[in-house]
Amino acid sequence: MEYKFNEIEKKWQDKWKANKVYKVENNVDKPKYYVLDMFPYPSGAGLHVGHPLGYIASDIYSRYKRLKGYNVLHPMGFDSFGLPAEQYALETGQHPAETTKKNIATFKAQLDKIGFCYDWEREVQTSDPNYYRWTQWIFLQLFNSYFDSKENKAKPIENLVRAFELEGCANCQLPTANSFTAEEWNAYNKKEQEDILMQRRLAFSKYGEVNWCEVLGTVLANDEVVNGVSERGGHPVVKKKMRQWYLRITAYADRLLEGLETVEFSDSMKEMQRNWIGKSEGAEIDFVIKTIDNRQSTTEVQNSSSVVGGQLSITVYTTRPDTIFGVDFMVVAPELELVQQIKTTDQTNAVDEYIAYVKSRSDVDRMAEKKITGCFTGAYAVNPFNGKQIPIWISEYVLAGYGTGAIMGVPCGDERDFKFAQHFNIPITNIIGNHFNGQEANPTKEVPYSNSEFVNGMKYAEAAKVVIDKLEEKGIGKRKVNYRMRDAGFSRQRYWGEPFPIIWNDGVAVALEEIDLPLELPHVDKYGPGPEGEGPLANLKEWTSSPSLFHTVEKGETKTESKGSFSQVPKYIVSSPMQYELAKNMRKDYTEAEGALWEVLRNNNTGEKFRRQHPIDSYIADFICLQKSLIVEVDGGYHLDAEQKQYDETRSKRLNEIGFEVIRFTNDEVLKNPFAIKEKIKQHIKKIDEKAESLHIPSPLVERGQGVRETSTMPGYAGSSWYFLRYMDPHNATTFCDKKVSDYWNQVDLYVGGTEHAVGHLLYSRLWTKILFDLGHIGFDEPFKKLLNQGMIQGSSRFVYRVSFPDILSRMKGDLSANHSPIFISESIYKRILEIGVDNGIERIKYLKTIAPNNSIIQNASNTIVTSRLHVNVNIVDGFELNTDVFKKWRDEYANAEFILEDGKYICGSETEKMSKSKYNTVNPDELCVKYGADTFRMYEMFLGPVEASKPWDTKGIEGVHRFLRKLWRLFNDGIKGKIWVDEKPTEAELKILHRTIKKIEEDTEKFSFNTAVSAFMICVNDLADAKCYKKEILEKVLILLVPYAPHIAEELWHQLGNTTTILDAEYPTFDPSLLVESSKEYPVSINGKVRTNITLALTLEQVEVEEIILQNETIQKWLEGKTPKKIIYVKNKMINIVV
RNA sequence: GCCCAUGUGGCGGAAUUGGUAGACGCAGCAGACUCAAAAUCUGCCAUUCGCAAGGGUGUGAAGGUUCGAUUCCUUUCGUGGGCACCA
């Protein structure tokens, strides 16, 4: 019987699916285990062999835990909002929703072939309204919360409002520092109050700088900007202030730091997060500014400056207040308003010029560039302790956003300050004596200061304390903890993301209510930016200006008018999310009549806006005009039957009850003349208006808000910050995740993903978890208990060398000057040509050598030399040898290609680089699954090396793993006899093989050392084959061990052994240590560290006995050459070393 | 510039965490079976000296600690990844 892996894998995948073996139940009796993969962005390129690495690792661990008796949650989904789909839409006009859907289908099909144990019923997609409804909901929780710094947790913003109403801001330090009393607060108007609250909300809006490209009319991400110009088109990019949304992650800086102590992340991962948060302790110090001329400072004072005793001063942040006597200059961020106040008349031109220069530079530039720039402002500050005058400079290396945006320069102790002083010839004060050599700064903290008055002789720790105490005493400074981390930008001027559930009304952000969610992303036809760099949604005038903030109320109930303009109404007509879902589907699947009527109603210019298939209560109206409470139904022929008539009647009755008028038309009527129907509808509306006017009937709909919608969308990390919670309770229509369910599944026990998310995603999801915890929605405040970082699988690129160079070619191949076909030269010959050229001193070839690694064209008077190193598809290269026939067919332009071969072969160049479509180095897992089977593929990916390590992909080795599986198969069947396994009692030696394997596999799986586990399986099968062991008792156990790694073949052979239940739930074998106990060991015996012989000794022997035995050994005596050993080291069960 | 990771045969990697470096696999070489091929099986396979027995050298480089270092420490070089010049 042959190992027909394709048939076997298909068979079991189908059976498993039919029997729903991967369905996971909540709240069962078993202990739980939650294994999570970082869900993929469904890119158009499909899955390549790099993706499944982590997925296979987590799948193995999940299946292992399941065999060990756990209830394992191991879900999968898609991070389906994002820029690539939008970019693709811009280029091709295809709607992101379409391409995303297609890509997800491809991904799923690919994943399924590999045989993962996902419960697809729990799939989530971040771009699905049923999902992002809750992303928006969580945003509203953040918007409606503030951080209470006393209790160190998030609380509802109403608490703060109540406190303001009762006691003003007595007990809160507002960032603005303007305090107010309760009376003042109550006297503020809505806008003033909201502005103050905005400064406290966890999700808040403020002006921030973005990369703005005027030519493209759009905002660009950092990585879309290269050298100050846009990556696409090379247009200039400047900074522009725009209103943006932010998350107040800085409030959680300390808790995010502390939380790291409670999770199992790698040290480097924790270190990266700590660096990102960047907590530093230091001091803020005020320096009085002494202006040189008598300019009056009238401009208002802002963050880095203040007025002390009537004098203008500047506040710096420093981590080294102890070096205050070494301050030789001061640098202020050029952006600061303060600069305008202090610049002297002399320096005005220079300063303005410099500021213009800085504005032209992107953040990326400022980082990449190493040259030192700056400009003197003309002003001086005064050192508060010794009265020394310190020149104030501006320079781009000081950032406005960090600390106070101003620093004190201590050149003898800080490398950057030193270079700055050196560059601008600022005299340097030495405060560390001969520890400063004048050539470079010495940032030591371990040297006593000199030249420093009252801190002379003290070192860092003591001096810092003394200085800060003095500063506080004088009231010109204070101890200050600073964080490098800034609040996280949360809005993007893009289309394909979650719309903000926010309406702007006279500059006040009004949040939508839960009932308004999901705020669905409207369909657009064009994906270009809106006016003034706003997102594409800003182009949808109808959508932005007609928010659906209506609440229906029960008839007879009075509308409550509250003092604010956004009153709430106690009772709503609620449509369930299911109804929304249903309506959405019906919208896609419309009748011809509905389509026709919509065509005339959608372009309605009378001011009444209609919606299609809108859910109201438990019904779905065909068309509705919310403002007029008018419902239009278009009925098909089946409305003539009695049952349907009855239903229509009760439905109309109910809708009437809650204040809607219903008018009906038949399909035929509509199709005959939709415009006539439109006219009739207009008449109706007119009647409604008249009636309402004469009777003063209040509309059943309360208008809660007016204004314009926020047109930004949320960033990619919004949906991924909480998806692990939705998997637990994916279909819940009333809450994002039932607390009972999240209490059961609790934290993710094992999270598998790449290091590229070390700070971004991991920090954000940790933040969201903490906030949801504070607000009582979940019971834990760290999302991921243990993190396993998977390495990147790099592509192994292959290159061909195309050269057109008549002189050389004719020398090598006769006269080729007339031949214009592309000529490809095998690697080593190509390289030799370069060397020969240099040896001969031919100038053109010197060029060739210097530019050869890259593609280039050189032209001079006599010749055109074209050299190209081109990526060639790795799939048409066998190892390094190019299949020249296939290559000629690869592209039309190569049809007539000529090759210069070495030993009859074309050898390609190679390089290891990132796997990507454009480098033609991607390998598709599907093809490997077809050729070798999923089990082989899974085991091979694991066999490549440790999961954590990055390594290049090489398809060649897969044969070895495939051979192993076939060898395993042959322990059960062989080609001639068929079944060969037997039900006999195993020998001790056979049991030993088994239990050695059980021990190794279990240990390796537990520590995620899957590559060594695979090799242990190989050793086991080799040993069993050598021992001709075909015994069921042994083989059966081996199969169970193998289930996590190669589930299909394990299940197949398990059934061949006569089992009828699935192996996926079999009982994991128990390791019996007694079978592996040894009584003796072959010790390596070395003399002075060099192994000279091996001697087998009983394990019970003690030092003295061992010494006696080994000294009698012939080989040892020979090597001792009659000398007496100085010392004999005997480590039981390890080795023996004789020192002479 | 700063931070993190990493360096072992022709290749991917292993090494009980300080104890026989190179498990397992790929590639290669030699052989068996076969008319032949595929499949399968058996040897050899870091390097160097040697017919062999056996010896020398070897974990990027240089030092150090130790009876003993791929493993720990110092310095240095190379490669890969990240970044917000963070005072």
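Quick note on labels: first sequence line is chain A, next is B, and so on, each numbered from 1. Treat the numbers as computed from the prediction; the structure is a model and nothing was measured.
- Aromatic pair Phe329(A)/Phe424(A): centroids not less than 6.0 angstrom apart.
- The aromatic rings of Phe5(A) and His962(A) sit perpendicular, their planes meeting at an angle over 60°, well past the 30° parallel limit.
- Base engagement by Glu1082(A) is indicated by at least one non-hydrogen atom pair under 4.0 Å involving a base atom.
- Val1131(A) comes within 4.0 angstrom of a base, heavy atoms only.
- At least one side-chain nitrogen or oxygen of Arg963(A) sits closer than 4.0 Å to the OP1 or OP2 atom of C26(B).
- The ring of Tyr940(A) has its center no closer than 6.0 angstrom to the ring center of Phe943(A).
- Remark: C1' of A84(B) and CD of Gln273(A) are 16 Å apart, rounded to the nearest angstrom.
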Solution key, residues 946-953 of chain A side-chain donor-acceptor pairs under 3.5 Å, sequence neighbours excluded:
from      : atom 1 : to        : atom 2 : distance (Å)
Ser950(A) : OG     : Met792(A) : N      : 3.1
Lys951(A) : NZ     : Pro946(A) : O      : 2.5
Lys951(A) : NZ     : Ala949(A) : O      : 3.1
Trp953(A) : NE1    : Thr955(A) : OG1    : 2.7

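- When heavy atoms are screened at a 4.0 angstrom cut-off, Asn1022(A) is found touching the sugar-phosphate backbone but no base atom.
- The phosphate of C41(B) has OP1 or OP2 within less than 4.0 Å of a side-chain N or O from Arg970(A).
- For Arg1092(A) and A53(B), the CZ to P distance is 17 Å, given to the nearest whole Å.
- In this structure, Arg320(A) does not reach the A87(B) phosphate: none of its side-chain N or O atoms is under 4.0 Å from OP1 or OP2.
- Heavy atoms of Lys967(A) sit under 4.0 angstrom from primed sugar atoms or phosphate atoms, though from no base atom.
- Between Glu284(A) atom CD and C86(B) atom P there is a gap of 18 Å when expressed in whole angstrom units.
- Contact check, Trp393(A) against A87(B): no side-chain N or O comes under 4.0 Å of OP1 or OP2.
- When rounded to the nearest whole Å, the span between CZ of Phe420(A) and P of C85(B) equals 16 Å.
- Using a 4.0 Å heavy-atom criterion, one finds that Ile1129(A) contacts the bases of the nucleic acid, with or without backbone contacts as well.
- The CZ-P distance, from Arg966(A) to G25(B), rounds to 14 Å in whole Å.
- Scanning for salt bridge (charged side-chain N to carboxylate O under 4.0 Å, His left out) contacts around Glu271(A) gives Arg274(A), with sequence neighbours left out.
- Contacts of Trp953(A) with the nucleic acid, taken as non-hydrogen atoms under 4.0 Å apart, are absent.
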query: In the 5'-to-3' direction, what one-character label does each nucleotide of nucleotides 3-15 of chain B receive under the scheme B = base within less than 4.0 Å of a protein heavy atom, S = sugar-phosphate only, - = no such atom?
result: SSS------BSS-
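- A gap of 27 Å separates the C1' atoms of A62(B) and G55(B), to the nearest Å.
- The CZ-C1' distance, from Arg486(A) to C83(B), rounds to 12 Å in whole Å.
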